[in-house]
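Here's the structure we're looking at; comments come further down.
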Amino acid sequence: MHYDDEERPARELSGRVGAAVSIAAFGVAVLVLWQVFRPLAQGSQFYLIIFLAGTLPLVFLAYKSGFGKGRERPTVTDWVLAGGALLVCLYPVNPFAGGYNAFLNRQGLLEPVDIVFGAVLLILLIEACRRTTGWALPVVCLLFLGYGYYGGLLPQTWPIAHAGLDFGQIVDALYNSGSGFYGTPLDVAATYIVLFTIYGAVLDLSGASRFFVDLSVAAFRRSRSAAGRTAVAAGFLLGTVSGSGTATAVSVGAVTWPMLRRAGYPPEQAGGMLAAAGVGAILSPPTLGAAAFIVAEYLNVSYLTVLGWAMIPTVLYYLGILLAVEIDVRRFAVRAIDAPETSAWRLLARFGYHFSSLIVIVVLLALGQSATRSVVYATVLAGLLSFLDRSTRLTPPRIFAALAAGVRGVLPVVAVCAAAGVITATTTKTGLGAQLASLLVNGAKAVTDEPQVVLALTVVMAAFALALLGLAVPVTASFIIGWVIIGPALLALGVPAPAAAMFVFYYSVLSEVTPPTALAAVGASAITGGRTIPTMWQALKYALPAFLAPIAFVLTANGEHLLARGSLGGIVWTTAVAALAVFGLAIATGGWIPGAGPAGPVSRVLAAVAGLLLLYLEPVVVGAGLIALLVAVLIAGLHRRRTVPAEVPGPDAPPAPVEPPAEPAPRPQSRTETPQ
């Protein structure tokens with residue numbers, strides 16, 4: 001049973017209940033597709049009301065309460081909650097209460113019955129969020145509600161004090177405004193993310209998942225680095241279908257762990273590699289994570305623009321992983337393996353069409369098509385191309401299954417995004433975001449008045465705050481909370497909005513490999529049989545460039561070049577310098593310099609210093625970083641001349657046999673954290 005980034009295991013529904021849930025999910029999918037080409041005349045919020053009414057009841061049927069024996073079939077209570085969710089969601093469009101327009105006209109002047117229905121919806125959303133993600137986010141929502149209600153009792157001299165909101169005002173902000181339940185997060189889930197989950201389900205059923213893994217296995221044969229490279233490449237490719245760090249790590253691990261074990265990788269090392277490669281699924285174009293769509297909405301830019309911002313950081317991320325793989329090959333005396341005798345070129349010739357729909361998304365976005373239409377056209381293309389393989393043809397029953405699976409896959413994100421409306425509405429009503437941002441900046445200014453040092457301290461505190469936040473709440477919620485609190489602080493210090501947004505985005509995602517939770521590492525350790533905590537630390541080592549590169553975005557003006565913003569010359573030189581920084585960090589964490597041999601303590605410290613200096617991206621500091629890196633390499637080279645290197649198998653050493661996987665890779669769970 002796979003744990004996705006933002007969900008607990010769903011029920012395995014069958015029989016009449018399973019059919020009913022699938023039919024309802026299929027109906028929601030049809031509504032979503034209809035909205036792309038024929039938007040409902042009543043407007044976006046009306047559509048969100050209908051969408052939530054179609055999905056929230058399914059949460060109570062598809063996810064267990066966690067109490068009692070946890071039956072696979074929905075209980076009477078589940079059916080009551082599902083019926084209540086349908087009723088309170090449709091209440092704003094109830095013709096007997098005046099209809100949708102009358103409900104909007106009562107904004108700020110809700111009647112008692114409106115408040116009752118809004119309060120019930122609030123309770124149901126928090127319970128849905130608890131079922132799909134655990135207790136952390138519901139507790140955060142309750143804390144924000146408590147702050148909104150009791151904040152007026154705080155001493156008015158406190159920076160976070162406010163005038164106070166009564167219960168009716170809170171419900172009004174949540175139930176009948178654009179910043180509550182029906183705000184930007186739910187809008188993104190209902191218009192973008194659900195379409196990508198449907199696309200992922202169609203790709204999966206069309207055989208793309210298996211092709212991506214087979215291609216990765218075939219591409220790196222007869223090399224000592226083959227097993228590690230295969231795991232990384234498979235994680236990257238499979239992430240386009242899954243979009244979930246945890247599910248990708250588990251799925252890739254099921255296929256590649258036998259190869260990694262035969263090659264000589266320790267379980268913890270292999271698990272860390274798989275976790276880091278899996279998390280790349282929600283950092284990498286062309287899909288990215290669900291929070292990337294929220295970035296586009298908050299900054300009012302196209303999704304293609306956000307993809308452009310993510311290109312160079314993605315290259316740096318995978319460069320860091322591949323360098324770590326090459327270093328580990330030498331540290332652990334990894335052996336070459338016998339891979340299945342399948343030609344990568346033959347696979348590309350036969351099944352390379354699976355890449356077509358991914359390319360179409362980017363091309364259509366570049367031609368000015370909306371992200372929603374682009375992904376629909378790509379989904380249709382993937383469905384048509386499935387007929388090129390008899391075993392994966394999307395017949396009408398399989399199309400029905402794909403659409404239903406796509407909607408079921410987005411249920412956890414719907415719960416998270418709707419519940420996140422509690423946070424955004426409370427923050428907007430009370431002005432909490434600006435107040436906390438001011439506290440963050442003032443805390444840095446209490447240490448020094450130097451503007452650059454203030455920015456650096458603020459960035460470090462923000463990074464720690466986001467990392468801690470991500471330990472408790474899912475990625476999407478972490479970004480939303482981080483943006484309303486950390487975003488204003490960075491903007492107040494002159495950081496450009498794209499750099500600030502991508503900084504928050506990356507640190508929200510990286511909670512997947514941050515101890516002590518690190519869900520992707522937990523899933524990978526379950527596959528390799530390694531110890532969980534050491535696996536988390538190994539995942540952290542592989543993902544280290546992703547932790548430090550976002551700081552480079554915001555510390556200096558040149559950092560924006562890493563988001564492909566600015567002159568071509570600036571983009572090229574900052575990318576080259578950042579790549580050298582990643583090289584230095586790989587030496588520091590891996591203890592080996594490719595071409596020079598083992599790195600001693602002095603070389604490792606110098607390499608770490610060099611990596612940090614190079615990421616500052618100012619000419620003088622970059623020069624100091626280059627000198628430190630050069631000295632680290634020279635010291636390691638001199639040390640190697642004085643000592644006899646340990647014997648490790650050469651490139652021509654007899655390979656260790658490994659059988660091709662007998663079973664296809666487990667199907668990744670439908671995407672939730674990306675568009676999944």
Side-chain angles (χ1 to χ4, degrees), residues 1-2 4 196-221 226-227 229-260 274 277-278 280-281 284 286-287 337-361 378-379 381-395 397-399 401-402 405-406 409 523-524 527 658-671 674 676:
M1 187 76 74
H2 297 170
D4 228 340
F196 274 85
T197 61
I198 292 172
Y199 170 62
V202 169
L203 264 187
D204 184 41
L205 287 178
S206 69
S209 299
R210 185 64 195 175
F211 162 68
F212 290 149
V213 175
D214 288 345
L215 180 64
S216 301
V217 172
F220 304 108
R221 294 187 297 169
R229 293 175 183 173
T230 297
V232 175
F236 172 73
L237 292 174
L238 196 60
T240 61
V241 180
S242 166
S244 155
T246 308
T248 301
V250 171
S251 299
V252 173
V255 176
T256 60
W257 167 234
M259 300 171 60
L260 295 170
L274 292 168
S284 307
T287 48
I337 57 172
D338 275 334
E341 292 298 325
T342 304
S343 166
W345 294 111
R346 184 177 300 173
L347 280 173
L348 279 172
R350 177 64 182 89
F351 300 107
Y353 59 81
H354 286 299
F355 286 111
S356 302
S357 60
L358 294 169
I359 296 171
V360 162
I361 291 177
T379 303
L381 177 61
L384 293 175
L385 292 175
S386 71
F387 285 87
L388 296 177
D389 185 352
R390 179 175 299 179
S391 63
T392 60
R393 291 175 179 173
L394 286 184
T395 58
R398 301 187 79 208
I399 292 175
I527 294 295
V658 59
E659 299 84 2
E663 297 296 332
R667 174 175 173 254
Q669 293 291 324
S670 50
R671 51 180 76 213
T674 135
Q676 281 139 125

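Numbers for residues simply follow the sequence, beginning at 1. Only heavy atoms go into these numbers, but all of them, side chains included; no hydrogens, no water, no symmetry mates.
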Query - Spatial distance of atom OG1 (Thr379) from atom CD1 (Ile198) [nearest 0.5 Å] - result: 7.5 Å
Query raised in the report: Looking only at heavy atoms, what is the nearest atom pair of Gly253 and Pro258, with distance?
Result: O-CD, 4.3 Å
**Report entry** Atom of Ala277, atom of Ala231 and distance for their closest heavy-atom approach
**Finding:** CB-O, 4.0 Å
Query - Minimum side-chain heavy-atom gap Leu203-Phe211 below 4.5 Å - result: no
Query raised in the report: Closest approach of Ile527 and Trp257, non-hydrogen atoms and distance?
Result: O-CD1, 3.7 Å
Query raised in the report: Nearest heavy-atom pair of Ala402 and Ala201: which atoms, and what distance?
Result: O-CB, 3.5 Å
Query raised in the report: What pairs with Phe387 under ring pair (Phe, Tyr, Trp, His ring centres under 6.0 Å), at least two apart in sequence or on another chain?
Result: none
Query - Flag side-chain contact, heavy atom, 4.5 Å: Asp389 against Tyr353 - result: yes
Query raised in the report: Closest approach of Ile361 and Ala378, non-hydrogen atoms and distance?
Result: CG1-CB, 3.4 Å
Query raised in the report: Within a strict 4.5 Å, meaning less than it, do heavy atoms of the Asp214 and Phe351 side chains meet?
Result: no
Query raised in the report: Can you check whether Leu381 reaches Ser356 side chain to side chain, under 4.5 Å on heavy atoms?
Result: yes
Requested in this report: Please report the shortest heavy-atom distance between Gly383 and Val202, naming the atom on each side.
Outcome: N-CG1, 4.0 Å
**Report entry** Any donor-acceptor pair under 3.5 Å from Arg398 side chain to Thr392 backbone
**Finding:** yes
